[in-house]
Amino acid sequence: MIILKSKHEIEAIRKACQVVAECHRTIAPLIKPGITTNEIDRIFEDIILKHGAKPYEKGYKGYPYATCASVNDVIAHGFPSDKPLEEGDIVTIDTVAELDGWLGDSAWSYAVGKISPTAEKLMRVTKECLDLGIAQAQPGNRLGDVTSVIQRHAESHGFGVVRDLLAHGIGRDLHEEPTYMHIGNPGKGLRIKEGMVFTIEPMITEGTYYMTIDPDGWTARTLDRKLAAQYEHTIAITAEGPQILTAQ
Ligand code: MF3
Ligand code: CO
C-alpha cells in the first residue's frame, strides 16, 4: 500500500529533509585528502542532533553509524572509519534524519582532491541520471518513465545500474512502498500520483552492476572492484511536478 501524503505532511517531511541537506552543504567544502569518514560521520550526527532530530540510520536494523560512507568500489552501506581519505578517492555519504517522526534521506558522492577522468565521468553521469529521473517524476507518468531514462543514460556511457539495492517510498518509515530498481521501460510500472513521496537514488558502476557483501554484513562492493557512485534525493510529487525535498 502506498501512503499518500498531504501538503501539510510534505512540509513536515521537507523539514527533516532539510536537516540532511544542511549536512551535505556543510561537508562538501571539507572533503579533502586527510579527512576521515569517522570525522564526517561526527559532523553529520552533530548537525542532526543540533536540530533536535535523530540520526535514523544509527541502530536501524543494527547499523552502527549515523552515516554510510562508501569509498571507491563500495556501492553503499560502507562503515565510516579512521582511515584518511586519499587524493583520487570518491566517497558517497548517505544519511537519514528523523524530525518529529518524519524521515529525510539523501546520499551524495564527493571527489577527494583531484580524481581520474573515469571517476569524474562516473560521478557526472550518475548525477545526470538522478536529474533525468526526477524530471520524469510527474503526476500521471509511470515509474518506468523514471527508471528507463536512468538506465538508458547510464548504459549509453557503458556504465552499470545496480539492481540489488532499491529506491523506496519514505515518510514515517524509511522503506515504504513503492520499492523499485532503477531500470525499466517507459510507460510501464506504477502510475505516479500527487502526494507520493519517494527516493530516487541511482547507484551507477564503472563496470559490472553485480555486487558482493563484505563479512561485516553491510558493505556492498562491486563484484569487479571497479568504482561506484550514487546521488539520492527524497522527492514529493505535487500537482505542479516533482519537488526535491532534500535540495541543497
Ligand atoms: N539511506 C539508505 C537508503 O537509501 C539506508 C541505509 S541503510 C542503513 O535506504 F541501515 F545503513 F542505514
Ligand atoms: Co534511500
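Computed from a predicted structure; not experimentally measured. Counting begins at 1 with the first residue of the sequence. Start at 1 and go down the list; that is how both ligands and their atoms are numbered.
- Ion pairing between Asp214 and Arg221 holds under the 4.0 Å rule for side-chain N and carboxylate O.
- Within the coordination shell of the Co ion (ligand 2), defined by N, O or S atoms under 2.8 Å, Asp105 is present.
- Counting only heavy atoms from C-beta outward, the side chains of Met196 and Leu190 approach each other to under 4.5 Å.
- Close approach of ligand 1 to His175 (heavy-atom distance below 4.0 Å) involves ligand atoms 3 (C), 9 (O).
- At least one donor-acceptor pair closer than 3.5 Å links the side chain of His24 to the backbone N or O of Ser106.
- In terms of modelled atom types and a separation under 3.5 Å, the side chain of Lys5 and the main chain of Ile3 share a donor-acceptor contact.
- Both the sub-6.0 Å distance and the 45° axial angle are satisfied by Lys121 relative to the ring of Phe159.
- Side chain of Asn38 to main chain of Asp41: no donor-acceptor pair is present (N/O by atom type, distance under 3.5 Å, no hydrogens or angles).
- When hydrogens are left out, the protein atom nearest atom 5 (C) of ligand 1 is Glu57 OE2, 3.7 Å; that is the closest non-hydrogen contact.
- At a 4.0 Å heavy-atom cut-off, ligand 1 touches His168 through the side chain alone.
- No donor-acceptor pair under 3.5 Å is formed between the side chain of Glu176 and the backbone N or O of Gly169.
- When non-hydrogen atoms are compared, ligand 1 lies under 4.0 Å from neither the backbone nor the side chain of Thr199.
- Distances from the Co ion (ligand 2) to the N/O/S atoms of Glu201 are shortest for OE2.
- Polar contact check, Asp105 against ligand 1: a nitrogen or oxygen pair lies under 3.5 Å apart.
- Within the 3.5 Å criterion, the main-chain N or O of Thr199 finds no donor-acceptor partner in the side chain of Glu232.
- The Co ion (ligand 2) has an N, O or S atom of His168 inside 2.8 Å of it.
- Of the candidates Gly59, Cys68, Ala76, Ser106, the one placing a heavy atom closest to atom 11 (F) of ligand 1 is Cys68.
- Looking at Ser70, its side chain does come within 3.5 Å of a backbone N or O of Gly78 through a donor-acceptor pair.
- Listed by number with element, the atoms of ligand 1 under 4.0 angstrom from any heavy atom of Val96 are 1 (N).
- Asp224 places a side-chain N or O within 3.5 Å of a backbone atom of Thr208 that can act as its donor or acceptor partner.
- Listed by atom number, the atoms of ligand 1 under 4.0 Å from Glu232 heavy atoms are 4 (O).
- Here the heavy atom of the protein found nearest to atom 1 (N) of ligand 1 is Asp94 OD2, 2.8 Å.
- Contact analysis leaves Tyr56 out of contact with ligand 1, as no non-hydrogen atom separation drops below 4.0 angstrom.
- Shortest distance from the Co ion (ligand 2) to Glu232 is reached at OE2 (N/O/S atoms only).
- At the shortest separation from atom 7 (S) of ligand 1 among protein heavy atoms lies His77 NE2, 3.8 Å.
- Heavy atoms of Glu201 approach ligand 1 to within less than 4.0 angstrom.
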